[in-house]
There are 2 protein chains.
Amino acid sequence: MTAEAHPTLTKNQKLVFGSLSGAGGPLTAYAILDLLRDSGFRAPLQVYRALDKLVEYGLVHRLESLNAFVACSHKGCSGHGTAAFAICEKCGLVSEFTPDKAIEALRAWTRDEGFHLSRTTIELRGTCRTCAGVS
Amino acid sequence: MTAEAHPTLTKNQKLVFGSLSGAGGPLTAYAILDLLRDSGFRAPLQVYRALDKLVEYGLVHRLESLNAFVACSHKGCSGHGTAAFAICEKCGLVSEFTPDKAIEALRAWTRDEGFHLSRTTIELRGTCRTCAGVS
DNA sequence: TCGGATCGCGTAACATTATTACACATTTAT
DNA sequence: ATAAATGTGTAATAATGTTACGCGATCCGA
Ligand SMILES: [Zn+2]
Ligand SMILES: [Zn+2]
Ligand SMILES: [Zn+2]
Ligand SMILES: [Zn+2]
């Protein structure tokens with residue numbers, strides 16, 4: 001999305017990004033707040049402010065259908081195209097991928113309609129391979 | 001999505017669906033509640049329960065990125081494929097469309113991954129043709 | 001180097017969105 | 001008629017997100 005490098009992170013941004021990276025899955029803002037109380041966090045706004053920046057830098061994605069946030073899977077990479085997410089409703093696994101063909105199809109629609117696109121949300125709900133197999 | 005006909009609506013479901021249809025755009029659950037106070041609504045749960053059913057029947061869609069609900073644009077039609085929404089951030093206009101090619105591309109990914117898809121959210125943010133032109 | 005502008009941070013209060021729990025009524029199927 | 005399933009009303013509470021205010025550090029032009 002934003003392909004340029006992000007500024008160096010502030011203390012709070014590092015803490016929040018660390019929580020999300022360590023979690024290996026999505027966390028709500030309030031879950032992050034609880035994780036960071038020992039590090040001095042006291043109020044939701046501290047989390048939300050850091051998340052705003054991390055999302056802006058492309059290091060974190062917001063999952064709209066979960067009201068939660070997840071570290072970008074493109075580790076070490078400073079940016080990528082619009083991401084999509086497959087969310088397993090049984091085990092909570094979230095898989096990020098870049099559905100170029102779908103994006104292109106949507107962009108074609110926006111061109112036809114004269115819609116000026118700024119942000120795209122694609123979230124799939126269902127069961128992952130592992131969970132779908134079980135039953 | 002669900003292609004079969006929906007049951008006849010209950011009193012509350014009719015009231016909520018009426019509010020949404022009349023609004024010509026998305027409403028939050030609490031906005032609906034306020035609209036329906038004169039009709040006897042008192043508590044959020046009355047709205048959420050009706051919305052759950054209306055969404056299940058495919059008459060109403062939930063806009064995840066807005067925490068709001070909108071009547072399906074396919075008036076009189078009992079069902080259609082997965083819908084996508086373009087949301088203008090200037091004027092609030094919401095356009096529903098059915099992006100078959102994008103859906104197919106996403107389905108291809110789920111087939112490859114063994115992901116069993118149950119629900120798809122696609123929401124575009126930006127500015128509509130009218131608002132994009134203005135400035 | 002002074003001053004303002006910007007940015008990040010801390011805290012409190014508040015607003016918005018959604019759910020749980022319980023009781024009762026209505027409809028539907030047996 | 002009875003039992004089950006569905007719908008309803010109400011209160012309380014939980015979860016998520018924002019506004020307002022003040023303070024300190026940093027950046028940058030005058
Ligand atoms: Zn990413
Ligand atoms: Zn799973
Ligand atoms: Zn629709
Ligand atoms: Zn517009």
Side-chain angles (χ1 to χ4, degrees), chain A residues 5-20 23 25-57 59-70 87 89 92 119 121 123 125, chain B residues 2 4-20 23 25-57 59-70 87 89 92 119 121 123 125:
Chain A
H6 56 82
T8 58
L9 302 182
T10 68
K11 178 168 70 87
N12 285 4
Q13 287 161 15
K14 272 183 231 166
L15 285 166
V16 169
F17 185 61
S19 304
L20 276 174
L27 293 175
T28 67
Y30 279 77
I32 295 171
L33 175 56
D34 286 341
L35 285 174
L36 292 180
R37 289 206 191 270
D38 292 344
S39 308
F41 274 49
R42 294 279 168 276
L45 194 49
Q46 296 175 287
V47 178
Y48 283 110
R49 285 201 275 227
L51 285 171
D52 282 350
K53 287 299 183 182
L54 293 169
V55 168
E56 182 185 328
Y57 302 156
L59 295 172
V60 164
H61 300 289
R62 177 185 173 87
L63 298 174
E64 300 285 356
S65 68
L66 240 37
N67 291 333
F69 301 83
V70 67
I87 301 164
E89 291 177 316
R119 196 158 59 77
T121 297
E123 296 177 19
R125 307 297 292 259
Chain B
T2 56
E4 77 278 13
H6 56 80
T8 59
L9 302 181
T10 67
K11 179 169 71 87
N12 285 3
Q13 289 160 14
K14 272 184 228 163
L15 285 166
V16 168
F17 186 60
S19 304
L20 276 174
L27 294 175
T28 66
Y30 280 76
I32 295 170
L33 175 57
D34 287 340
L35 286 174
L36 292 179
R37 289 209 189 269
D38 292 344
S39 308
F41 273 49
R42 293 281 168 274
L45 194 49
Q46 295 175 289
V47 179
Y48 283 110
R49 286 201 275 226
L51 285 171
D52 282 350
K53 286 300 182 182
L54 292 168
V55 168
E56 182 186 327
Y57 301 155
L59 294 172
V60 164
H61 300 289
R62 176 185 172 87
L63 298 174
E64 300 285 357
S65 68
L66 240 38
N67 291 332
F69 301 83
V70 67
I87 301 165
E89 292 178 314
R119 194 160 59 78
T121 298
E123 297 178 19
R125 307 297 292 257

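Side-chain atoms are counted along with the backbone in the values below, which use heavy atoms only and exclude waters and symmetry mates. In the text below, chain A, chain B and the rest are named by the order of the sequence lines, each starting its count at 1.
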### Query
Is it true that A:Arg37 and A:Asp34 have a side-chain N and a carboxylate O under 4.0 angstrom from each other?
yes
### Query
Does some side-chain heavy atom of A:Val70 sit less than 4.5 Å from a side-chain heavy atom of A:Val60?
no
## Note on the structure
Taken to the nearest whole Å, CZ/B:Arg37 to P/D:dG9 is 13 Å
### Query
For DNA chain D, what string of dots and brackets results from 5' to 3' when Watson-Crick and G-U pairs need both distances under 3.5 Å, crossing pairs get [ ], and pairs with another strand get |?
||||||||||||||||||||||||||||||
### Task
Please report, rounded to the nearest Å, how far the C1' atom of C:dT16 is from the CG atom of B:Leu27.
15 Å
### Task
Could you check if a side-chain atom of B:Ile32 sits within less than 4.5 angstrom of a side-chain atom of B:Leu51, using non-hydrogen atoms only?
yes
### B:Leu33 CG - C:dT19 P separation (whole Å)
15 Å
### Message
Using side-chain heavy atoms (C-beta onward) and a distance below 4.5 Å, is B:Glu123 in contact with B:Leu63?
### Response
yes
Could you list, one pair per line, each protein nitrogen or oxygen that sits under 3.5 Å from a nitrogen or oxygen of nucleotides 14-20 of chain D, together with the distance?
from, atom 1, to, atom 2, distance (Å)
D:dG17, OP1, A:Arg62, NH1, 3.4
D:dG17, OP1, A:Arg62, NH2, 2.3
D:dG17, OP2, A:Tyr48, OH, 2.9
D:dG17, O5', A:Tyr48, OH, 3.4
D:dG17, N7, A:Tyr30, OH, 2.6
D:dG17, O6, A:Tyr30, OH, 3.2

### Task
Calculate the interatomic distance between A:Arg42 atom CZ and D:dG22 atom C1'; express it in whole Å.
19 Å
### Message
Looking at every heavy atom in both A:Tyr57 and A:Gln13, which two are closest together, and how far apart are they?
### Response
CE1-OE1, 4.0 Å
### Task
Go through B:Leu20 and B:Leu59 one step at a time and tell me if the side-chain contact (heavy atoms from CB on, under 4.5 Å) criterion holds.
CA-CA 10 Å; B:Leu20 276 174; B:Leu59 294 172; over 6 Å; no
### Task
With the side chain counted from C-beta on, respond yes when B:Phe69 and B:Pro26 share a heavy-atom pair under 4.5 Å apart, and no when they do not.
no
### Task
Locate the shortest heavy-atom distance separating B:Lys14 from B:Leu9; write the atom from each residue and the value.
CE-O, 3.2 Å
### Task
Would you kindly give the CG-to-P distance between B:Leu15 and D:dG7, to the nearest whole Å?
15 Å
### Message
With no hydrogens and no angle check, just 3.5 Å: does a side-chain donor-acceptor pair link B:Glu64 and B:Thr121?
### Response
no
### Task
For B:Glu64 and C:dT17, give me the distance from atom CD to atom C1', rounded to whole Å.
13 Å
### Query
Does OP1 or OP2 of D:dG7 have a side-chain N or O of B:Lys11 closer than 4.0 Å?
no
### Message
Taking only side-chain N and O atoms of B:Thr10, does any of them lie within less than 4.0 angstrom of OP1 or OP2 on D:dT6?
### Response
no
### Task
Please state how far atom CG in B:Leu9 lies from atom P in C:dT27, giving the value in whole angstrom units.
15 Å
### Message
How many whole angstroms separate atom CD of B:Gln46 from atom P of D:dT10?
### Response
7 Å
